[in-house]
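On a predicted model such as this, the values are computed, not experimentally measured, just so you know. The figures that follow rest on heavy atoms only: side chains count, while hydrogens, waters and symmetry mates do not. Count residues from 1 along the sequence.
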Amino acid sequence: MAEEKDILQEEDRSNENTPETETETGEEVTGEETAAESAEEETAEPSKESRKEKKKREKADKKQDALKEKIEELEDRVKRQMAEFDNFRKRSEKEKTMMFETGAKSVIEKILPVVDNFERGLASVPEEQKTDGFAQGMEMIYKQLMTELEKMEVKPIPAVGEDFNPDFHNAVMQVESEEYESGVIAQELQKGYTYRDGVVRHSMVAVVS
């Protein structure tokens with residue numbers, strides 16, 4: 001009897017040491033199968049994490065591309081506004097210059113008749129009276145006036161002895177002349193002037209026929 005008890009105890013101990021477990025379904029699972037499943041779970045977790053990282057990178061790249069596109073759009077807008085401002089500045093300067101030119105020409109046109117009267121007055125002074133104080137004062141004022149006009153780039157148009165040019169001369173009569181050839185200006189009836197690159201007043205002349 002003692003021997004039979006010992007045999008039963010040894011069988012019970014051997015059953016306890018067997019590395020087998022039961023699943024929830026009642027099936028027995030060995031230790032090797034459990035290790036394989038845990039290994040699969042470990043490999044599955046990193047793959048999920050890598051997919052998440054990839055999605056994050058893609059999202060960040062899309063956001064960066066959107067920001068880059070927005071920056072390029074703003075830069076283009078700024079360049080256009082700068083170009084428009086530069087064009088506006090140039091137009092303003094041109095209009096300002098034109099207004100100044102127009103105003104200056106208007107003033108010069110009003111001064112020229114005064115110059116004409118000075119010249120007529122000085123031409124009417126007899127030769128013996130040119131040394132008088134009054135005549136000399138008139139001469140000095142005339143020279144000063146012409147100097148200031150010259151500083152403003154107002155210049156008389158050459159006439160007598162020059163070929164007739166309709167851009168600068170206004171022919172009011174034709175004359176006979178032994179001194180000049182046909183088409184040459186023989187007499188200046190009213191002096192003409194230019195201001196910078198434009199004509200303020202055409203010369204009134206007589207041309208040889």
For a side-chain contact (heavy atoms from CB on, under 4.5 Å) check, start with the C-alpha distance between V125 and F134, then their side-chain angles and the critical distance, and finish with the verdict. CA-CA 10 Å; V125 176; F134 179 77; over 6 Å; no
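- Of all heavy-atom pairs between V175 and A186, the closest is CG2-CB, 3.8 Å.
- A distance of 10.0 Å separates CG of L74 from CD of Q81, quoted to the nearest 0.5 Å.
- Atom-to-atom distance recorded for F164:CZ and N170:CG is 7.0 Å, nearest 0.5 angstrom.
- E101 has its side chain within reach of Y195: a pair of non-hydrogen atoms, C-beta onward, lies under 4.5 Å apart.
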Trace of the side-chain contact (heavy atoms from CB on, under 4.5 Å) decision for Q190 with V172: CA-CA 11 Å; Q190 187 181 56; V172 294; over 6 Å; no
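- Residues R201 and D116 form a side-chain contact, since some pair of their non-hydrogen atoms from C-beta on lies under 4.5 Å apart.
- Remark: E128 CD is packed, more than 12 non-hydrogen atoms of other residues, nucleotides or ligands lying under 6.0 Å away.
- The number of heavy atoms from other shown groups lying within 6.0 Å of CD (E93) is above 12.
- L149 has its side chain within reach of M146: a pair of non-hydrogen atoms, C-beta onward, lies under 4.5 Å apart.
- Not one N or O on the side chain of Q174 forms a donor-acceptor pair closer than 3.5 Å with the backbone of V207.
- One distance of note links NZ of K143 with CZ of F118; it measures 13.0 Å at 0.5 Å rounding.
- With rounding to the nearest 0.5 angstrom, the CE atom of M152 is 8.5 Å from the CZ atom of R196.
- Of all heavy-atom pairs between K110 and P113, the closest is O-CD, 3.4 Å.
- Looking at heavy atoms from C-beta onward, R91 lies in side-chain contact with N87 at the 4.5 angstrom threshold.
- With a 4.5 Å cut-off on side-chain heavy atoms, I157 and V199 count as touching.
- Looking at heavy atoms from C-beta onward, K63 lies out of side-chain contact with K59 at the 4.5 angstrom threshold.
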Using the salt bridge (charged side-chain N to carboxylate O under 4.0 Å, His left out) rule, take R57 and D61 through it: C-alpha gap first, then chi angles, then the decisive distance, then the call. CA-CA 6 Å; R57 284 196 302 270; D61 291 341; over 6 Å; no
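- Taking each heavy atom of L122 and A135 in turn, the nearest pair found is CD2-O, 4.1 Å.
- A 4.5 Å side-chain heavy-atom check between E109 and V200 finds at least one atom pair inside the cut-off.
- Remark: N117 CG to L112 CG distance equals 11.0 Å, nearest 0.5 Å.
- The shortest side-chain heavy-atom distance between V115 and K191 does not fall under the 4.5 Å cut-off.
- In this structure, V184 is a member of the same hydrophobic cluster as V160, with clusters built from ILVMFWY side-chain heavy atoms closer than 4.5 Å.
- When every heavy atom of V208 is checked against every heavy atom of S177, the shortest pair comes out as CG2-CB, 3.7 Å.
- At a threshold of 4.5 Å between side-chain heavy atoms, the hydrophobic network of Ile, Leu, Val, Met, Phe, Trp and Tyr places Y193 and V114 in one connected group.
- The closest donor-acceptor contact from the side chain of N165 to the backbone of D167 lies under 3.5 Å.
- Atom-to-atom distance recorded for K105:NZ and T194:OG1 is 10.5 Å, nearest 0.5 angstrom.
- For the residue pair E176 / S209, a side-chain donor-acceptor distance below 3.5 Å is found, with atom types taken as modelled.
- By the criterion of side-chain heavy atoms lying less than 4.5 angstrom apart, applied directly or through intervening Ile, Leu, Val, Met, Phe, Trp or Tyr residues, V154 is grouped together with Y142 in one hydrophobic cluster.
- The same ILVMFWY cluster, assembled from side-chain heavy atoms under 4.5 Å apart, contains both M138 and I111.
- By the neighbour-count criterion of 12 heavy atoms within 6.0 Å, atom CZ of R89 is densely surrounded, having more than that number from other residues, nucleotides or ligands.
- For S106 (side chain) and T102 (main-chain N/O), no donor-acceptor pair under 3.5 Å exists by modelled atom type.
- Although no hydrogens or angles enter the test, the distance criterion places a donor-acceptor pair under 3.5 Å between the side chain of H169 and the main chain of P158.
- A salt bridge links E73 with R77: the closest approach of a Lys/Arg side-chain nitrogen to an acidic carboxylate oxygen falls below 4.0 angstrom.
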